[in-house]
Amino acid sequence: MISITFPDKTVRQYEEGVTALDIAKSISEGLARNVVSAKVDGEVVDATRPINRDAELQLFTWNDNEGKSTMWHSSAHLMAEAVEALYPGAKFGIGPDIENGFYYDIDLGDKVISENDFKKIEDKMLELARQKQEFVRKEVSKEDAIKYFTEKGDEYKLELINELEDGEITFYESGNFTDLCRGPHVPNTGGIKAVKILSVAGAYWRGDENRKQLTRLYGITFPKKKELDEFLVRLEEAKKRDHRKIGKELELFTFSQRVGAGLPLWLPKGAQLRERLENFLKKVQREAGYEPVITPHIGKVELYKTSGHYDKYGEDSFRPISTPIEGEEFFLKPMNCPHHCEIYSSKPHSYRDLPIRYAEFGTVYRYEQSGELHGLTRVRGFTQDDAHIFCTPDQVKDEFKAVMAIVMKIFSALDFKDFTVQISLRDPDDTEKYIGTDENWEKAERAILEVAEETGLNTIVEYGEAAFYGPKMDFMVKDALGRKWQLGTIQVDYNLPERFELEYVGADNEKHRPVMIHRAPFGSMERFVAVLIEHTEGKFPLWLTPEQAIILPISEKYQKYAEKVLKLLNNSEIRAQIDSRSEKTGKKIRDAELKRIPYMLIVGEKEEGQGLVSVRRQGKGDIGTLSIQEFVDLINDEVEKEINK
RNA sequence: GCCAUUGUAGCUCAGGGGUAGAGUACUUCCUUGGUAAGGAAGGGGUCACGAGUUCAAUUCUCGUCAAUGGCUCCA
């Protein structure tokens, strides 16, 4: 007999060789039906694997993340089996489970799978699933494994096998499909009741763009049809928050084929929104001791040779701009730092001057690959809310802390709660590849970690992710569809001060190198606005939104009064307009709701007589009748609260 | 850049070898109304762009530009 310890610490005795599935059965038939895999002493394994010693056991069902993972991984095998049946001769790469479903990379030879083929693959999968094919695990010698896939002619699996040690190779068989796989898998395919192939894409074998591109099929499965339907509804809901869709609806920005891909055109309302964001940050920065500077959009090639950016940008970027002078070339600036370095070196500095903080909303141009462009989140021309702080090594910590305070103030004013903070440090085993002294690196890394600790933020520390020129901290958020984007960034830089030979005179009357901190709380205006749109569904905070209120006269008879109200609101710097169309109130309200205008002011006979407005809040409905001054106060209070949160 | 898909009215989309349609938006008229769509009439399209096949191309083929989902990349 062996002792099995459950998560609640109860212990039960079982025969040696018992499986997790048997154990589930001993608890209840229902549980046994739902068990997909189990964790035995910390390792997730098949529910059908015999347990031969005392162990801690946790059973997983579809409701556990591990259970979903098992189910989707098994579904990937099922999809491969279906594809193999429909496309004989297909070769298979890897097929893991992912956050929402699974994929399989397949070499179809000269065949092509397109969206029209999804249905028949789904049908085949369901047909195979209904056969309740059991997943059978087999330990295989390396020799036999190589033999099997050599006969099958699958060079991808052979490549994977060659990297494995003899004795650790396992195959899983389900129906007619045998795959190299570590497992675990569900007991059989019977639990897969609903199947959806989500998309098809090209994916380079092993992520290497010099190797063959395979066909990657994405899919997802569920134990109930209802859950699939709910998933698809959620997906549709998420698509409604897409900033590209809302940006068009609310007339914030557009693109033009003639202007070029990845070059956004900001429409009046979008420009207004962006300008308001900029002004907010400018005010915060002014208070924090930043000095605005302005630099040109181009710079001589020599500038970028000095900064070292030339090597990285030379080939794969916008071509240099030539002039009538032989050999003279300019680059569109891909970043602002070199220009700011030149501002710093325009005069000598004493340690008493530091820190110096130069801020600029600097527009930069980078030739991103055409396939990578994406709405406002990945563009070729964008504006960074850039600033460069020049300070002594001892000031790095305080400066870093002050920058973080700015980022937090912005996130708070915009109600951004869902973000992750990543601290990127040196690879401790390979300090050679970094520039700057060990002493300064240690000082800066310690400063960042301490600041993160003091601010109580949840952070992820990644070793080896630092830039070669210094450690950094990035603020990441997810968009509506769960894709991750980097917004704010704070980077310590020992490289550029070196390359530009920046100096200050210390208290010792000797020359010293300053440390440079690059920072952009928004990251870029484009990406930030995109993420803001998706987080708010276009319902921007009152202080930010282009139109705060719309006046809706009940009929044309009250147009005069509406204009009077508008004037009073404008005098109080409230952004409002009048809907003068000869439409019914219901229609005007509907249109204003869809345009996400926060306040609707209905005016008719009743209001005109007493100098009132009837107020409706977007998404909430009627909130009663107020005097104009009361409404102004309401708006001002709300704005005040939002900004000083 | 690569793989797949797509491009028809301002927007959302239908159609299809014989030069185009709906809803909505817009204009005008009727209606003058009380918290999510009142009614009628009208204007609006080089069917992304270029070439080829054809008696005839918006429709088929190829190329270009652009978009969408991924891969690679992201200083």
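Keep in mind it's a predicted model, so treat the numbers as computed, not measured. Each chain gets a letter, A, B and so on, in the order the sequences are listed, and its residues count up from 1.
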> Are the charged groups of A/K120 and A/D117 less than 4.0 angstrom apart, N to O?
Replying inline: yes
> Any chance the rings of A/Y599 and A/F631 have centres within less than 6.0 Å?
Replying inline: yes
>> Measuring from the side chain of A/H374 (C-beta onward, heavy atoms only), which nucleotide among B/rA36, B/rG69, B/rU5 has the closest atom?
In response: B/rG69
> With rounding to whole Å, what would you report as the distance between B/rC47 and B/rA36 at their P atoms?
Replying inline: 42 Å
>> Consider salt bridge (Lys or Arg N to Asp or Glu O under 4.0 Å). Of A/R244, A/K245, A/K239, A/K240, which one does A/D242 pass it with?
In response: A/R244
> On a plain distance test, is the side chain of A/R378 in donor-acceptor contact with the base of B/rC74 below 3.5 Å?
Replying inline: yes
> Is a donor-acceptor pair below 3.5 Å formed from side chain A/Y558 to base B/rG33, judging by atom type as modelled?
Replying inline: no
> Where the side chain of A/E583 is concerned, which of B/rG69, B/rG38, B/rC71 is the nearest nucleotide?
Replying inline: B/rG38
> If you draw the axis of the six-membered ring of A/Y104, does the NZ or CZ of A/R216 fall within 45° of it and under 6.0 Å from the ring centre?
Replying inline: no
>> Would you measure the distance from the C1' atom in B/rU58 across to the matching atom in B/rG21 and give it in whole Å?
In response: 13 Å
>> Just to be sure I understand the rule, does A/Y103 reach a base, reach only the sugar-phosphate, or reach nothing, if contact means heavy atoms closer than 4.0 Å?
In response: nothing
> For atom C1', what is the distance between B/rU6 and B/rA14, given to the nearest Å?
Replying inline: 16 Å
>> Here's a test of your reading of the structure: between A/Q213 and A/G621, which maps to the more 5' nucleotide of RNA chain B?
In response: A/Q213
Atom pairs, protein N/O to nucleotides 61-67 of chain B N/O, distance under 3.5 Å:
from	atom 1	to	atom 2	distance (Å)
B/rC65	O2	A/Q257	OE1	3.4

>> At less than 3.5 Å, do the side-chain atoms of A/E607 and the base atoms of B/rG34 form a donor-acceptor pair?
In response: yes
>> In whole Å, measure the gap between the C1' atoms of B/rU64 and B/rC55 for me.
In response: 28 Å
> Does B/rU59 pair with anything, Watson-Crick or G-U wobble, both distances under 3.5 Å, and if so, with which nucleotide?
Replying inline: none
> Would you call A/R527 and A/E534 a salt bridge, taking side-chain N to carboxylate O under 4.0 Å as the test?
Replying inline: no
>> Between A/W485 and A/H374, is the ring centroid distance below 6.0 Å?
In response: yes
> How would you label the contact of A/R483 with the nucleic acid (heavy atoms, under 4.0 Å): base, sugar-phosphate, or nothing?
Replying inline: sugar-phosphate
> Is B/rU68 paired to anything, Watson-Crick or G-U wobble with both distances less than 3.5 Å, and if yes, which nucleotide?
Replying inline: B/rA4
> Choosing from B/rG38, B/rA37, B/rU35, which nucleotide comes nearest the side chain of A/R590?
Replying inline: B/rA37
Could you list all N or O pairs between the protein and nucleotides 28-32 of chain B that sit under 3.5 Å apart?
from	atom 1	to	atom 2	distance (Å)
B/rU31	O4	A/S582	OG	3.2
B/rU32	O2	A/S555	OG	3.1
B/rU32	O2	A/E556	N	3.0
B/rU32	N3	A/E556	OE1	3.4
B/rU32	O4	A/E556	OE1	2.8
B/rU32	O4	A/E556	OE2	3.0

>> Side chain of A/R581 only, heavy atoms from C-beta on: which candidate in B/rC26, B/rU5, B/rG1 is closest?
In response: B/rC26
> A/A201 near the nucleic acid: base, sugar-phosphate alone, or nothing, with a heavy-atom cut-off under 4.0 Å?
Replying inline: base
> Would you say B/rC71 has OP1 or OP2 under 4.0 Å from some side-chain N or O of A/K212?
Replying inline: no
> Paired with B/rU53 by Watson-Crick or G-U wobble geometry, both distances under 3.5 Å: which nucleotide is it?
Replying inline: none
